[in-house]
Protein chains: 2
Amino acid sequence: MSAPKLLLVEDDTALAELLEYRFASEGYEVRTSADGDEALVMAAEDTPDLVLLDWMIEGTSGIEVCRRLRRDKATAHVPIIMLTAREAEDDRVRGLETGADDYVTKPFSPRELLARVSAVLRRVRPALAGETIETGDIKLDPVAHRVERRGRALQIGPTEYRLLKFFMEHPRRVFSRSQLLDAVWGTGSEIEERTVDVHIRRLRKAIALDNARDPIRTVRSAGYALEPV
Amino acid sequence: MSAPKLLLVEDDTALAELLEYRFASEGYEVRTSADGDEALVMAAEDTPDLVLLDWMIEGTSGIEVCRRLRRDKATAHVPIIMLTAREAEDDRVRGLETGADDYVTKPFSPRELLARVSAVLRRVRPALAGETIETGDIKLDPVAHRVERRGRALQIGPTEYRLLKFFMEHPRRVFSRSQLLDAVWGTGSEIEERTVDVHIRRLRKAIALDNARDPIRTVRSAGYALEPV
DNA sequence: TCTTATTGTCACAAATTTGTCGAAAAAATG
DNA sequence: CATTTTTTCGACAAATTTGTGACAATAAGA
């Protein structure tokens, strides 16, 4: 089981404590910082799964923290939810422009924030929502980095593992080779699209089982999809 | 995969770039023009799925662009969202009269505009928003790229799939072969009109079912239409 | 360092799809 | 009923898209 790690950047101590308590009791692992620079250091030391960022903090402003998080490769893809004080349209626009994934305007209820966090995490890192993902007769444990089908453990290479995990996070959905390259190899990878085919074949071979149907569907001129069983 | 194609007509470069970035990161394919006449040419060359139209642009006015888009057969049904400056009631009324589908008043947040775009697309072209469409006893899931009729999955080729999807997005409407060529094969394809007949036949064969009536109606000397059930 | 895995590409085979024809069938026309 | 127009249908060869095995280059481990 992997508790999602949150980094809360908030200088209102009372609010911070309240949120810390609430999120902890919901199974999150929360670390808090009241200061922008300190938060950046903490993020660098142990990459969080999501950042809750108050827009109006002392010292380095929220927008600046956001920008730096995005600039650093390790934290570039960590989702950010910003906590804005007022209904400042400008702030909102700038925040989203800088790369925040969502925002909540104060005052908000912890319940509301929990819902947003859960929604964003589900969208960005589905594997974090539950400990193991299951699609059809295949089980994948992201923590143990282990895959099994019908009880039998599968031996699977690194790239194939990532590919399978991505498919399992979006079952039934068809992805083009280019989308798969972005998702599994990383955006901007300069790799031939046909290479995807080869890895699909390797994945198929790795998860193959006697008397079991191939769960990977080829959609001609569109891409591939993982179908349960 | 079908990234919805947007055409943004906006002469405020800064705003245009911001929107372009945000929409692109949400999976839209955006092309931008700062000029009304140029926009019309772009729309004619590659019919967009939706037009974002600033009401106050230099040269040909937004209202005029709107009118011309509606006049041209190929773009007549493309939804338009207008971006109006202030709370100009007059503009809003005139815009909606001219045929815009929705409007957003500046200043707006990208998020807000994204929501509108998504809403309009869902209303007008549900398949583009990723919703499954249903026409009679045929169901089409654009995300899974899957078609079924009365529960049974249909095997269907790429071109037939696109053709069926197009028909299902505009049920009951009769399309000429030339319109179908534009919509399914892409504008400017140099293909014999007779070829459409052949694909219609293939589609009919693919969706045929025992004891089920053929849902594709032939309108002699006019074209074809899809009728529910 | 040596050995074993993993990766990205190719080239070629296999499978599927595509655009056109021409003949047959069907529907309008007179 | 004969003629003309339009659509359906079966067949093909060309073109496109996928599946596969092999291979050299790297990376990872022992």
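These numbers were taken from a predicted model, which means no experiment stands behind them. In what follows, chains are A, B, ... by sequence order, proteins preceding strands, each numbered from 1.
For the pair B/E192 CD and C/dT20 P, the computed distance is 5 Å after rounding to whole Å. Here C/dT9 presents its P atom at 11 Å from CD of A/E193, a figure rounded to the nearest Å. We find that CZ of B/R162 is positioned 12 Å from P of C/dT17, with the value rounded to whole Å. Separating the CG atom of A/L163 from the C1' atom of C/dG8 is a distance of 14 Å, rounded to the nearest angstrom. One can place CZ of A/R194 at 12 Å from P of C/dA11, the figure rounded to the nearest angstrom. For the pair B/E190 CD and C/dG19 P, the interatomic distance rounds to 13 Å; values are reported in whole Å. In this structure, CG of A/L181 is placed 9 Å from P of C/dT9, rounded to the nearest angstrom. In this structure, CZ of B/R217 is placed 13 Å from P of D/dT8, rounded to the nearest angstrom.
Listed nucleotides D/dT8, D/dG19, C/dT16 differ in distance to B/T218; the shortest reach to its side chain belongs to D/dT8. The side chain of A/P158 sits closest to C/dT6 out of C/dT6, C/dT17, D/dT8. Comparing C/dT16, D/dT7, C/dG8 by their nearest atom to the side chain of A/I191 picks out C/dG8.
One N or O on the side chain of B/Q179 and one on the backbone of B/S176 form a donor-acceptor pair closer than 3.5 Å.
Within residues 198-216 of chain B, the residues having any heavy atom under 4.0 Å from DNA chain C are, by residue number, B/V198, B/H199, B/R202.
Taking the salt bridge (charged side-chain N to carboxylate O under 4.0 Å, His left out) definition, one finds that A/D197 meets it with A/R177, A/R194, sequence neighbours left out.
Side-chain contact check for B/R204 and B/T218: at least one donor-acceptor pair (N or O, by modelled atom type) lies under 3.5 Å.
Between A/R177 and D/dT18, a side-chain N or O to OP1/OP2 separation shorter than 4.0 Å is present. For A/T159, a side-chain nitrogen or oxygen approaches OP1 or OP2 of C/dT7 to under 4.0 Å. The side chain of A/W185 places no N or O atom within less than 4.0 Å of a non-bridging phosphate oxygen (OP1 or OP2) of C/dT7.
Counting any heavy atom pair closer than 4.0 Å across all strands shown, A/E160 reaches sugar-phosphate atoms only and no base atom. At a threshold of 4.0 angstrom between heavy atoms, the contacts of A/Y161 with the nucleic acid are absent. Among the protein residues, A/T195 comes within range of the nucleic acid bases, having at least one heavy atom under 4.0 Å from a base atom.
Two rings, from A/F175 and A/F166, have their centers less than 6.0 Å apart.
Note on B/R217 versus B/E227: salt bridge recorded, some NZ/NE/NH1/NH2 to OD/OE distance being below 4.0 Å. Salt bridge status for A/E148 with A/R152: absent, with no side-chain N to carboxylate O gap under 4.0 Å.
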Does the pair B/I156 and B/L203 meet the rule for a side-chain contact (heavy atoms from CB on, under 4.5 Å), with working shown? CA-CA 8 Å; B/I156 199 169; B/L203 176 55; 3.8 Å; yes

